[in-house]
Protein chains: 2
Amino acid sequence: MGKRIPNAFIMTRGSGSGNRFPEAGHDCNNRMLLKVPETEAFEEELSVTASTLSEVAKLAGVSPATASRVLNGSARTPAPEIAERVRQAADTLGYIANAQAQALAKSSTGLIGLIVHDIADPYFSAIAQGVQAAARQERRMVLLATTNGTPAEEKEAVAAFAARRAESIVIAGSRSTRSEDARANTDLAAELDRYCRNGGRVGVVGQAILGVAETDSYRTITVPNEQLARDLARDLARTHKGPFVIVAGPEGLTTSDERVMGFQRGLSDAGQPAADIVHVAFNRNGGFDAGIELAWRIKASDRSAPDQRLCIFGTNDVMAIGVAAALRDQGLRVPHDASLAGFDDIEWLRDFRPALSTVSLPLEEIGRLATMATLSNDDGGAAAVVGSVTLRRSTGSP
Amino acid sequence: MGKRIPNAFIMTRGSGSGNRFPEAGHDCNNRMLLKVPETEAFEEELSVTASTLSEVAKLAGVSPATASRVLNGSARTPAPEIAERVRQAADTLGYIANAQAQALAKSSTGLIGLIVHDIADPYFSAIAQGVQAAARQERRMVLLATTNGTPAEEKEAVAAFAARRAESIVIAGSRSTRSEDARANTDLAAELDRYCRNGGRVGVVGQAILGVAETDSYRTITVPNEQLARDLARDLARTHKGPFVIVAGPEGLTTSDERVMGFQRGLSDAGQPAADIVHVAFNRNGGFDAGIELAWRIKASDRSAPDQRLCIFGTNDVMAIGVAAALRDQGLRVPHDASLAGFDDIEWLRDFRPALSTVSLPLEEIGRLATMATLSNDDGGAAAVVGSVTLRRSTGSP
DNA sequence: TGTCTCATGGAAAGCGCTTACCAGTTGGGA
DNA sequence: TCCCAACTGGTAAGCGCTTTCCATGAGACA
């Protein structure tokens, strides 16, 4: 909202009084004012911009304090008759409280900051949905920031949220342990630390951010990536007898790393040799690239021999979809020529065929949990996220 | 951020001075203060919460006005040497400007409100991505609200954004002309109108909201749904000789209605009889429901006769996917037993097989355009959105 | 040297609210 | 009848900034 606009008039009285009033003048505040003729008792003044509390108070013939107490919830409730008058006045003027001013006065903004890598990614938009739902339930608004997954931009976002005095921040998206991110990670940790010390609360989805101590104001919603990947591997190894390949994100991307580690452990549990790992981008196109590469390997093998058939584990669903697309592109079929599994169980991918074996994660719930964790004070043992292996056609019999 | 917290200390000086200082006392403001011993020149005072401009100013030995001019961009730039001192002080204290206070003082918040039906829906998350990108480019933050598509909740969201003094609002998602929404639509229009008169700008994606006059502060990014659906129908009619069926959203949902109308017109252009219309929910499950129903019809027909083969048009991609899932469920295959087309060309659905014929829309670009339209002042003729028909396998030969 | 202009830092008045404190009433108990 | 507690509404002091206006000093020019 810009400055006061001198050539517009608010005419909430409506009905017939819509003619501009020639003797409109300036008051001591240099504001454009308007004397409304049909009012007898006092000179009603309608200002040009959003009306303020004191305008409402003046119209109602009470003090701003009283008006505030009536309109914006307070421990003290003025007399019913007065309250009614204030409400009427507010209605007449179309009063909307200035949240900025309230925030300043009360030092509480009702804002929740949400940081994601990419809001268009269904993984993040599902989490965002949960955050949004929780925020609405708690009568908060959510501020959104996207970062492309770089800790440097995450730090920027935290600073911006801190400036806006967001009451809490929810950060979703894999951490990075790559050495080139080390510096940015430290900065991010410092920024978060400062934010927390100033009374902010933060909820992190996935894994803790290195360098920030877990305190009451800093909660992590841990996703048991490793355990679940391990379960998945064990389940797959039960029926699959050929070699395994993992299509992973870049080394140092914690989520991917955890899933890789868990999967390898699961294979080892099952007495299988470790899987080969292909590192690509942690998205659909990365999966596609890997798929093209793997297609060669598959074609070179004897696909009819069960002990040569490949089982490919994409460390997230969209990568797995990318792999599938590449294999199809190369004339190979899943699960006929290779098995394929993903991770996350993205809702929008469930109609994909062959149906993707994956690990189901309650994404929306995770968003909700992370949000609530920053809002409530019970340190109630970091409500654990439970996921489950969901085997479908893509790892079925050829 | 809560009230001042009396038992936490900010120790930005760091390194070694981390011991609590026993003679911390209260100043006239009743704030917890801390005298830092190693400072000689003046008594540096570190407050408990985020430090303020005047604290920075005091530390730098200048007035708040000067500090403000140095730190938060102003036409007047103080002397380099002074500026440096202020910057140092700010750094030392870890100063972060209070955006709320700035907003109040400058009456400009740097906030953009985004209203969508459902952020988890890939259609909306793609648009959100565009909005976010534009916002970032213009150094704004985005406030998010989801409404499940009801005008009543949209109105709430507008009011909330108005209270937060968002500079502009972007509204995405189909309008509704259903009679039960008439009242809420009027309210929404009134709320928007008020918002605009108070200096707010709004950008609407899709179709104009009834009852709000198109002004400089109210822009619509029109999506040529009707034209594109018409193009699609004509293209399909070129090869498809059997009957057409439209799987539409509820009657009164403008986006759906427009696409239906355009499609019918296209059929008529091509000399084909009008399509039957099935009204279901405007989402994947609606499509699924319709698909189950249509499966019966398909099974009852002679699928080998080209003039009996059905071509199904889902008025958006996710509905079409729902239809496909249902047909598959019923043992039918696309395009073998029926042709299928969608609308939107959702990115995440492109790996779906059979590849879906659809209408491509630059969703992210639309979000960007809508945002920029609310930010720029050139009334540059509502940059038109261009879409295009994309025929793929799902409407190919059986 | 005197005057005028321009540049520069500071004082202070808000921005639109909330809330601690105050003063005036009322009512009840002694 | 008097006193005190309990209410009630109003006054005013902020919340943390920005920005107008002012005072001062320096330079320019005659």
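Below, chains carry the letters A, B, ... as their sequence lines are ordered, and counting in each starts from 1. Keep in mind the model is a prediction, meaning the values are calculated, not measured. Hydrogens, waters and symmetry mates play no part in the numbers below; they use all other heavy atoms, side chains included.
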- [ ] Taking the side chain as every heavy atom from C-beta outward, state whether E191(A) and E154(A) have any pair of such atoms under 4.5 Å apart.
- [x]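 Heavy-atom side-chain distance check fails, nothing below 4.5 Å.
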Spacing of [X] atom [atom1] relative to [N] atom [atom2], expressed in whole Å:
X: K106(B); N: dT19(D); atom1: NZ; atom2: P; result: 7 Å
X: E55(B); N: dG16(D); atom1: CD; atom2: C1'; result: 10 Å
X: R69(B); N: dA11(C); atom1: CZ; atom2: P; result: 11 Å
X: K58(B); N: dG16(D); atom1: NZ; atom2: P; result: 13 Å
X: L71(A); N: dT19(C); atom1: CG; atom2: P; result: 14 Å
X: R76(B); N: dC17(D); atom1: CZ; atom2: P; result: 19 Å
X: L53(B); N: dT19(D); atom1: CG; atom2: C1'; result: 13 Å
X: I82(A); N: dT8(D); atom1: CD1; atom2: P; result: 10 Å

Distance-only criterion, 3.5 Å: show the donor-acceptor pairs between side-chain atoms of residues 133-142 of chain B and protein atoms not counting sequence neighbours.
| residue | atom | partner | partner atom | Å |
| --- | --- | --- | --- | --- |
| R136(B) | NH1 | E153(A) | OE1 | 2.5 |
| R136(B) | NH2 | T146(A) | O | 2.5 |
| R136(B) | NH2 | E153(A) | OE1 | 3.2 |
| R140(B) | NE | E167(B) | OE1 | 2.8 |
| R140(B) | NH1 | E138(B) | O | 2.7 |
| R140(B) | NH2 | E167(B) | OE1 | 3.3 |

With the side chain of [X] defined as its heavy atoms from C-beta on, choose the nearest nucleotide among [options].
X: S68(A); options: dG16(D), dA11(C), dT19(C); value: dT19(C)
X: A79(A); options: dC21(D), dG9(D), dG16(D); value: dG9(D)
X: T52(A); options: dG10(C), dC17(C), dG10(D); value: dC17(C)
X: A105(A); options: dT19(C), dA11(C), dC15(D); value: dC15(D)
X: A65(B); options: dC15(D), dG10(C), dG10(D); value: dG10(C)

TODO: Measure from the side-chain N and O atoms of R201(B) to the backbone N and O of Y218(B), and report whether any donor-acceptor pair falls under 3.5 Å.
DONE: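 Side chain of R201(B) to backbone of Y218(B): no pair is present.
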TODO: Look at the side chain of Y195(B) and the backbone N and O of S168(B), then say whether any donor-acceptor pair between them is shorter than 3.5 Å.
DONE: yes
Task: S51(B) to Y95(B) - nearest heavy-atom pair and separation - done: O-CD1, 3.3 Å
TODO: To the nearest 0.5 Å, tell me how far Q100(B) CD sits from T109(A) OG1.
DONE: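 It comes to 5.5 Å.
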Task: Under-4.0 Å side-chain N/O to phosphate OP1/OP2 contact, T66(A) with dG10(D) - done: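 Affirmative; the distance criterion is met.
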Open item on the list: Taking only side-chain N and O atoms of N72(A), does any of them lie within less than 4.0 angstrom of OP1 or OP2 on dT18(C)?
Closed with: yes
Task: Contacts of type side chain to side chain contact (heavy atoms under 4.5 Å, CB included), residue P78(B), not counting sequence neighbours - done: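 Checked P78(B) against side chain to side chain contact (heavy atoms under 4.5 Å, CB included); matches are T66(B), R69(B), V70(B), I82(B).
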Task: Helix axis bend for the helix from dT1(C)-dA30(D) to dA30(C)-dT1(D) - C1'-based end axes, five pairs, 10° rounding - done: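 Answer for the end axes of this duplex: 50°.
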Open item on the list: Please determine whether any donor N or O and acceptor N or O are separated by less than 3.5 Å between the side chain of R165(B) and the base of dG16(C).
Closed with: no
